[in-house]
Each structure stands twice: as C-alpha cells, then as structure tokens.
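Note on naming: letters A, B, ... go to the chains in the order of the sequence lines (proteins, then strands), and numbering restarts at 1 for each one. Predicted model, so just to flag it, every value in this text is computed and none were measured. Hydrogens, waters and symmetry mates are skipped; everything else that's a heavy atom, side chains included, is used.
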Amino acid sequence: MVRTRFAPSPTGFLHIGGVRTALYNWLFARGCGGQFILRIDDTDQTRHRDEALAPILQGFQWLGLDWDEGPGKEVEGQCYFQSQREERYQQAVEQLLESGHAYRDFATPEELQKEREQAEQEGRATRYSRRWMATSEEQCNRYREEGRGEVVRLKMPSDGELVIPDLIRGDVTFAWAREQDHVIRRADGTCLYHLATVVDDESFEISHVIRAEEHLSNTPRQIFIADALGYKRPQFAHLPYVAEPGSKHKLSKRKLQKYMKDREFARLQGEGEWIARQIHKQIDPEAFNPVLVDFYQSIGFLPDALLNYLLLLGWSLDDSTEIFTREKMIECFSLDRVNKAPASFDPKKLEAFQEKWFHAFDPKKKVALCLPFLQRAGLVAEPPDCSVGPQLLAILDAAGDRVKIAGDILHFADFFIADEALEYEQKPFAKRLGSPNARALLGRLRDRLAELDAFAAEDCEAAVKGFVESEGIKMGEVIHALRVAVTGKAVGLGMFDTLGLLGRDSVLRRISRALEQAESLPAGDVAKGD
RNA sequence: GGCCCCAUCGUCUAGCGGUCUAGGACUCCGGCCUUUCACGCCGGCAACACGGGUUCGAGUCCCGUUGGGGUCACCA
C-alpha cells in the first residue's frame, strides 16, 4: 500500500512551495489508490499550536487536499503531533544506544566550536573527534559531576558509501565519512527532528517520502537511523524547490521586500490589498501576500486554478496539455515526469490560470462566490434581498471576463450604491463634463432616455444611437460623458448593459446629479470623442 | 570552503540520437475588433551556457569548464 505524508510545522501560514509538495504527495497517493497522511512537526515551538495549525488545515480543506489520517482523522490511537510522541522517540534512542549506533556525549558547545575552528584552519573536513564520548557508566558519571550537559549522538560509519535511489534524481551517492555524528537527543532530554521523522515514517508505514530537495543532504543520516533501528527504508523522491519570481533562490516568505520589486508580484499584492480594504479585512503584510495560500482564498481565487498552476510548476504531462481538473491530475501525475531543476514562481501565469478557470466557471456558482465580497463590503445586506441574486447574475453576465477573481466584483460597486452616494473620479469627470457643450448634449440625451417605455440594454442602445444620429455627432462625443455620469468612472461594462442594469430611475437621477455637480467645474477642456 | 543537486526562449515547459531552420503556454510588442476597459482574433520578438569527446549524425550520451542552487545546528 502506497502511503505518503506531508508534515507541516504549525507556523500559521501555508506556503505556496509547501502546498506544491503536499499536492505532489497527495496526487501520487491518490493515483496509486494509496493514502495521504498529515502529520504535524511541532517538536519545536508548541506554544500556540492549535492557533497556528488551524489556518493550515483550513487551507488544505479549501484546496480540497483531503487526508486519510491526521488531525481530525485519527486512526486507532495514533497521534499525529510529534510533540506528543516523545515516548516513542525515547525508546528509539535507547535502542540505538544499546545497539551501539549512538553514544552519549559530553562535549560543551565551546569545545565543539574549537574543534571546528581548528579543522578549518588545517583545511580538513570537520568531523567530531568523539573526545567527550562516554564509553562507560563510570565515565558518564564523571562528566556529569563536572557539570557537563549530556546529548546523544549518532555513531556514523567512517567508511564506505551510501547510494540513495531517488525516484526523481536517480542514484545519489554519499560518502559515510563525510557525515557528522548528529545529535539526536538534546541536553534537555528532548529529541530532534531527524530521529523523530524516521520513527514517525516507520510507525505510519510511509512507503514514499516525497519532499523538498533541501532534505536530500540529510537523507543519509535518516537512512542510517532507519537501518540501525531495523526499519524498512521508504522510497525517496526529492523535489526541486520553488524559486523566487525571476530568480533561482528558494522562495521564502521572509523576503517579501525583495519580491515587491517584481512588477507583477507587486501588482498582484496591490490588487489583493485593495480587495482586502474593501471588505474591511485586517491585513498584516507578513500574513497576507502572494506567497501564502490564504491570500488567494481571501481575494476569491478558485482552488482548482491554484492547484492547476502548482501542478505545472515543475511537472508536465506533454507539450500541450495545460488545463487539469483534479480527476485528470490524479490520473496523469507521475513522479518520473517531475522536473529536476527548480521552477520560479510566476504570479502572472498563476493569474492566467485563474482567468481560464473562472471564465469557464458556472455563472450561478460565480454569484455565490461574489456575493460574500459584496456583503463584507457592506454593499449588500445579509441575508441578501431576493432581487440581489438575479441582479448579480446579470452584472456578472455583462461583466464577462472583466471579473477575473471573485473579489473583482467590488470594482462594480457602483451598481449597488445609492445614486446620491456615487463618487466621481475627478479627472474623467472634469474631462467629460467640463464643457458646457458636453453638458448640454448629455442633458438632451437624458430627455431622450426619459421618454423610453422599456429600459433594457437593447432599448437604451436604440435610443442612444437614434440620438447620436439626430444630433449629427459621433457616438464617442456623448457616450464617455454618459459613462462618467452614471458610474463615476472612465471604464466599465458595455454602456448599454450598464444602463439596462441600473434601470431608468437611477440613470436619470445620476445624469441629473452629475450635470448639477459639473456646473461648479471650472470651464476648460472641451472634450472630444476619442 | 566541503558535500550534494541542477542547466532549452524573460518565465513554466516539450524534446528521451536523425521527424529540431527546436514545439506549446504565460509575459512582452505590433495589428484587428470596439462606446471605455476586459475578452477574442491575427501576427511578431525570443532559448539548446561553453569546450572537448562518442557517433555517419547530438538539444538529446560521456567528460570537463563555467554558472546557478541546496546543505553543512543541541531548527524543522
């Protein structure tokens, strides 16, 4: 049975690179009819564990990466938190001590440091001399009396090599002599990650360890531990890491300032912040940026789009298939087609996937996705008036691909606010309504629209066209002024759709109001159609 | 610095010895469409890091160089 795992630390954030690793684990397991396990690596900072874990689990749920075992899905008394598995680790340490694969060591940090420095001076590779290794109980006691701390170290082989058959990289060879006698139990008695992860992988019966490349160089010591303990070695697959936009450095949430120099990254971040502001979401840049999954969820990305992008960041099926549903991903994914070189995160391409997915998304579901944004922005009541659903559907229909993510609906807030509350963008307002001429024209158009019986988009179109003809002008000479008058903006949906959507009363009121306010404008630019 | 990994357009990639004057996608740049914007359509720019081998033939195999990256904790 294939069993894979993803082992996040409860840091409060779900990193985009981490999710890709999780995705590959999940896909591999699902594709083999195997199981995917979520284990929490919290041997370190445990203070606010539950608080820091919730957003991570929530991110997995949003993405639809379900786990067969893990928090909330415990199987026969297994515990999925490393912090609570200490007893097993201690047993393992004792076993290693007993079999001679590990030893008690009493060197002080200063002494260790000195050895390292000396080795460096002599140009040797540093390897601990084992000078403070205790070989008997008597010796232990002597060191203890001196007040030395006691750690347990691995007793690594001094010759021979290890060949790791990596499912992505092929055979990777290491020389044992280069490996350090790593500490597996601290002076305070707690165990370290390398020991813990091996013990856990055994007890959860993990068959395939699929993880980031940065773990490749600690694999030898983990294999040493597994062998010494008599465990079956899992198969390994080391993924290249996800790199920064436009660079080959590992993507890290700590280097935001640097990423903000990337135009597209900064633009995405800016749009996200704009949406967050509209919905009154508190934003801490550390916790709200395009490196974190929560960012995308917050502004209305589709999880399928994010998954689709991540899938192709380091893996491909062939020379042409771009769109993958979950089912197709599971069906097609294989480790041997994972690329070996790191792949840079490209926010623009991620957006392109979002656009494609959202374009094809069911209109009614789009309504359901967009509605909460309007509600949080205070534009629509909760629960909504029964007219809102159809209205929103009509707006989305008219908007077409202008709404790329659910939060974009907030760019069309002018359909939801009171006529008296409409705000005008200054520049286009002055440009389009600055001249008395333009105002007179708009006034006459208003009269024409007022005569209409029906006010659907087609009716408005016919009326405006008729008006333009009778005035002997071009469409552009009046339509821009009309747009600014009724929406406050220079750009927006199709003009006639906009009129139909607003309805006669609103349109007439808004034109009158704009005309009034434009009176106080300083006479200046005479607007001509573009 | 030691060890390990990696190397095709700006980016993600296809390519597993001849079908490669290197294909697709994103970006970018023109143009068309058009009441603005978005979409759409048409077209364009753009890459096998370098040097040796092996071979009738190398982007594809081998070696080296260069370059990039990861890792070297009583962090995970």
Side-chain angles (χ1 to χ4, degrees), chain A residues 7-9 11 41-45 82 105 107 109 112 116 119-120 123-126 149-153 164 166 168-169 172-175 177-180 182-194 196-197 212-220 238 240-241 243 245-250 263-264 309 312-323 339-353 355-356 359 399-404 408 411 428 461 464-465 468 474-480 482-484 487 489-496 498 529-530:
Chain A
S9 289
T11 55
D41 280 11
D42 59 346
T43 51
D44 218 26
Q45 70 295 52
Q82 288 194 326
D105 186 68
L112 250 17
R116 265 184 230 125
E120 201 168 320
R124 290 186 282 119
T126 37
E150 169 185 344
V151 302
V152 175
R153 288 180 182 277
I164 302 170
D166 190 281
I168 292 171
R169 274 149 221 290
V172 183
T173 308
F174 290 90
R178 307 255 177 223
E179 295 298 315
Q180 302 294 327
H182 292 280
V183 172
I184 52 174
R185 189 168 71 192
R186 299 181 180 93
D188 69 3
T190 60
C191 294
L192 275 98
Y193 164 78
H194 293 295
T197 198
E213 184 191 358
E214 62 240 48
H215 289 282
L216 182 55
S217 48
N218 2 345
T219 305
H238 286 95
Y241 52 87
S247 127
K248 287 296 175 205
H249 290 261
K250 195 168 76 171
R263 239 179 66 205
E264 294 306 334
Y309 171 72
L312 262 13
L313 193 62
W315 180 88
S316 68
L317 177 65
D318 52 33
D319 61 349
S320 55
T321 316
E322 293 272 332
I323 297 296
N339 241 321
K340 289 200 264 274
S344 302
F345 173 64
D346 180 357
K348 196 79 191 174
K349 188 143 188 176
L350 169 53
E351 285 180 280
F353 276 103
E355 283 177 39
K356 275 187 193 154
H359 173 84
D401 291 326
R402 292 176 186 87
V403 174
K404 301 176 197 305
D408 278 343
H411 288 292
E461 181 166 2
V464 174
K465 282 189 170 155
V468 162
K474 284 189 197 148
M475 187 82 94
E477 290 176 67
V478 72
I479 210 157
H480 299 296
L482 177 60
R483 178 185 300 285
V484 176
T487 67
K489 298 189 184 77
V491 300
L493 310 188
M495 193 65 254
F496 310 119
T498 303
D530 283 354

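Counting to the nearest Å, the C1' atom of B:C26 and the CZ atom of A:Phe353 are 8 Å from each other. Between the P atom of B:U27 and the CD atom of A:Glu351 lies a distance of 9 Å, rounded to the nearest Å. Between the CE atom of A:Met475 and the P atom of B:U35 there is a distance of 6 Å, given to the nearest Å. Remark: P of B:C72 and CZ of A:Arg116 are 12 Å apart, rounded to the nearest angstrom. Rounded to whole Å, the distance from NE2 on A:His238 to P on B:U71 is 12 Å. For the pair A:Asp105 CG and B:A73 C1', the interatomic distance rounds to 14 Å; values are reported in whole Å. Distance, A:Glu214 CD to B:C75 P: 18 Å, rounded to whole Å. The distance from atom NZ of A:Lys250 to atom C1' of B:G68 is 15 Å, rounded to the nearest whole Å.
No side-chain heavy atom of A:Glu355 sits under 4.5 Å from any side-chain heavy atom of A:Asp401. At a threshold of 4.5 Å between non-hydrogen side-chain atoms, the residues A:Glu351 and A:Tyr309 do not count as touching.
Side-chain atoms of A:Arg483 do not come within 3.5 Å of backbone N or O of A:Gly494 as any donor-acceptor pair. In terms of modelled atom types and a separation under 3.5 Å, the side chain of A:Asp41 and the main chain of A:Ser9 share no donor-acceptor contact. A:Arg178 contributes no side-chain N or O that, together with a main-chain N or O of A:Ala175, makes up a donor-acceptor pair within less than 3.5 Å.
Nucleic acid contact class of A:His215 (heavy atoms, under 4.0 Å, all strands): base. Within 4.0 Å (heavy atoms only), A:Val183 reaches sugar-phosphate atoms of the nucleic acid but no base atom. Within the 4.0 angstrom heavy-atom criterion, base atoms lie near A:Ala107.
Using C1' as the reference atom, B:C5 and B:A47 are 23 Å apart when rounded to the nearest Å. Going from the C1' atom of B:G10 to that of B:C62 covers 32 Å, rounded to whole Å. Comparing the same atom, P, in B:U36 and in B:C48 gives a spacing of 42 Å after rounding to whole Å. Between B:A73 and B:U60, the two P atoms lie 38 Å apart (nearest whole Å). Comparing B:A38 with B:U19, their C1' atoms are spaced 41 Å from each other, to the whole Å. Rounded to whole Å, the separation between the C1' atoms of B:G18 and B:U13 comes to 23 Å. Comparing the P positions of B:G51 and B:C12 gives an interatomic distance of 24 Å, to the nearest angstrom. Annotation: B:C28 and B:A22 have their P atoms spaced 24 Å apart (nearest Å).
The distance from atom NE2 of A:His182 to atom CG of A:Leu192, rounded to the nearest 0.5 Å, is 10.5 Å. Taking OG1 of A:Thr219 as the start and NE2 of A:His194 as the end, the distance is 9.5 Å to the nearest 0.5 Å. Going from atom CG of A:Leu112 over to atom CG of A:Asp105 covers 7.0 Å, rounded to the nearest 0.5 Å. With rounding to the nearest 0.5 Å, the separation of NZ in A:Lys356 from CD in A:Glu322 is 5.5 Å.
Between A:Thr190 and A:Arg186, the side chains place a donor N or O and an acceptor N or O closer than 3.5 Å (distance only, hydrogens not considered).
The residue among A:Pro8 and A:Glu264 whose nearest nucleotide of RNA chain B is located toward the 5' end is A:Glu264.
Put simply, the residue from A:Ile164, A:Val172, A:Asp166 that forms a side-chain contact (heavy atoms from CB on, under 4.5 Å) with A:His238 is A:Asp166.
Pair assignment for B:C48: none, as no Watson-Crick or G-U wobble contacts are both less than 3.5 Å. For B:G2, the paired base is B:U71 (Watson-Crick or G-U wobble, both distances below 3.5 Å). Pair assignment for B:A7 gives B:U66, based on Watson-Crick or G-U wobble hydrogen-bonding distances that are each under 3.5 Å. B:C33 is unpaired under the criterion used here, namely a Watson-Crick or G-U wobble arrangement in which both key atom distances are under 3.5 Å.
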So which protein nitrogen or oxygen atoms get under 3.5 Å of nucleotides 1-5 of chain B's nitrogens or oxygens?
| unit_1 | atom_1 | unit_2 | atom_2 | d |
| --- | --- | --- | --- | --- |
| B:C5 | O2' | A:Arg169 | NH1 | 2.5 |
| B:C5 | O2' | A:Glu213 | OE2 | 3.4 |

Report each atom pair, protein N/O against N/O of nucleotides 37-41 of chain B, whose distance is under 3.5 angstrom.
| unit_1 | atom_1 | unit_2 | atom_2 | d |
| --- | --- | --- | --- | --- |
| B:C37 | O2 | A:Arg402 | NE | 2.4 |
| B:C37 | O2 | A:Gly492 | O | 3.4 |
| B:C37 | N3 | A:Arg402 | NE | 3.1 |
| B:C37 | N3 | A:Arg402 | NH2 | 2.4 |
| B:C37 | N4 | A:Arg402 | NH2 | 3.1 |
| B:A38 | O2' | A:Asp401 | O | 3.2 |
| B:A38 | O2' | A:Lys404 | NZ | 2.9 |
| B:C39 | O2' | A:Asp401 | OD2 | 2.5 |

Between the protein and nucleotides 12-14 of chain B, which nitrogen or oxygen pairs come in under 3.5 angstrom?
| unit_1 | atom_1 | unit_2 | atom_2 | d |
| --- | --- | --- | --- | --- |
| B:C12 | OP1 | A:Lys248 | NZ | 3.0 |
| B:C12 | OP1 | A:Ser344 | N | 2.9 |
| B:C12 | O2' | A:Leu312 | O | 2.7 |
| B:C12 | O2 | A:Lys349 | NZ | 3.2 |
| B:U13 | OP1 | A:Gly314 | N | 2.7 |
| B:U13 | O3' | A:Ser316 | OG | 3.1 |
| B:A14 | OP1 | A:Ser316 | OG | 3.0 |

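Taking the six-membered ring for Trp and thresholds of 30 and 60 degrees, A:Tyr193 and A:His215 have ring planes inclined between 30 and 60 degrees apart.
Taking all atoms of both residues into account, the shortest heavy-atom contact from A:Asn339 to A:Pro240 is O-CG, 3.1 Å.
Considering only side-chain N and O atoms, A:Arg263 lies nowhere under 4.0 angstrom from the phosphate OP1 or OP2 of B:G10.
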